[in-house]
2 protein chains.
Amino acid sequence: MSFNEAFKAIADPTRRKILSLLRKGDLTAGEIASHFDMQKPSVSHHLKILKQADLVQDRRDGQHIYYSLNTTVFQDLLSWFYDFVEKEGKKQ
Amino acid sequence: MSFNEAFKAIADPTRRKILSLLRKGDLTAGEIASHFDMQKPSVSHHLKILKQADLVQDRRDGQHIYYSLNTTVFQDLLSWFYDFVEKEGKKQ
DNA sequence: TAGATATTTAGAAAATCATCTAAATACCAG
DNA sequence: CTGGTATTTAGATGATTTTCTAAATATCTA
């Protein structure tokens, strides 16, 4: 069900940058927001979309909310692309 | 430059279905349109977006215009996803 | 409990996108 | 050249998306 949601989530450059940031380690919402020229509520909105697409997970630690990558959906998306590249010419 | 364009192109389910259809072989614009509950100009619009993203190529053959996959951009997209799955835990 | 910090939710405005109909372009056959 | 088929372009409309500000919620510390 979240296959389409994931593709839509990844279509936005801000969200792709968030995912790239999280590749180096978990970050709080505030730390993520500090990388963008954008108000915090806007970044929060992007995080919500990534979460709904199951591309990230969040956990609260006191006042902070930490975000981390969830790579299981990436596996599915990777497979989708792999089929185009791999099965080239095989017509099946 | 067309990296972002490609992600946006792929975000739409109609366009992903077009790409899947083309995996089995080249098709004319009309053949592609026949798979959708949508007017031909709408499908033509989707084809234009896929073409601008370099995900498909077109060639005219008489009255028909044939569309075919261009897998080189898929390679780039595949790599992007691969980095998330592969380098998991390596933090670099 | 009161004040400070971190984050999200709500609601509005502007931009972008998907779709439609009507018209234009390109090519073929007679 | 004329009529027919294939496809795209133009322009409009409604839906979705991104961003903003203001307000709400959650947690910490004194």
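No experiment lies behind these values; they were computed from the predicted model shown. Every chain is numbered from 1 and lettered A, B, ... according to where its sequence line falls, protein lines coming before strand lines.
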Is the side chain of His35(A) donor-acceptor paired with the backbone N or O of Glu31(A) at a distance under 3.5 Å, no angle test? yes

Separation of dT17(D) atom P from Ile49(A) atom CD1, nearest Å, is 8 Å

In whole angstroms, the gap separating P of dT16(C) from CD of Gln52(B) amounts to 15 Å

Residue set satisfying side chain to side chain contact (heavy atoms under 4.5 Å, CB included) with Gln75(A), at least two apart, ordered chain then number -> Val85(B)

Sorted by number, residues from residues 56-68 of chain A placing a heavy atom under 4.0 Å from DNA chain D are Arg60(A), Gly62(A), Gln63(A)

Rounded to whole Å, the CD1-P distance (Ile32(B) to dA6(D)) equals 14 Å

Atom CG of Asp12(A) and atom P of dT17(D) are separated, to the nearest Å, by 11 Å

Do the side chain of Arg23(A) and the main chain of Ile18(A) share a donor and acceptor less than 3.5 angstrom apart? no

For Thr71(A) and Phe84(B), the nearest pair of non-hydrogen atoms, with its separation, is CG2-O, 3.7 Å

*Counting just side-chain N and O atoms, does Thr28(A) come under 4.0 Å of either OP1 or OP2 of dT7(C)?*
yes

task = Look at the rings of Phe7(B) and Phe3(B) and say which category their plane angle falls in: under 30° parallel, 30 to 60° tilted, over 60° perpendicular.
result = perpendicular

In short, Ile10(A) meets Phe81(B) closest at the heavy-atom pair CD1-CE2, 3.5 Å

Residues passing the side chain to side chain contact (heavy atoms under 4.5 Å, CB included) test with Pro13(A), sequence neighbours excluded, are Arg16(A), Asn4(B)

Side-chain atoms of Thr14(A) come closest, of dC17(C), dT7(D), dT19(D), to dT19(D)

Per the under-4.0 Å heavy-atom filter, residues of residues 33-45 of chain B near DNA chain D come out as Pro41(B), Ser44(B)

When rounded to whole Å, the NE2 to C1' distance for the pair His46(A) and dC20(D) reads 12 Å

| task | Indicate, with a heavy-atom threshold strictly under 4.0 Å, whether Lys51(A) touches base, sugar-phosphate, or nothing. | result | nothing

Can you give the donor-acceptor pairs under 3.5 Å from side chains of residues 52-59 of chain B to other protein atoms, not counting sequence neighbours?
{"from": "Asp58(B)", "atom 1": "OD2", "to": "Lys51(B)", "atom 2": "NZ", "distance (Å)": "2.9"}
{"from": "Arg59(B)", "atom 1": "NH1", "to": "Asp26(B)", "atom 2": "OD2", "distance (Å)": "3.3"}

Exercise. Using only side-chain N and O atoms of Lys48(B), determine if any of them is under 4.0 Å from OP1 or OP2 of dT7(D).
Key: no

Residues passing the side chain to side chain donor-acceptor pair (under 3.5 Å) test with His46(A), sequence neighbours excluded, are Arg15(A)

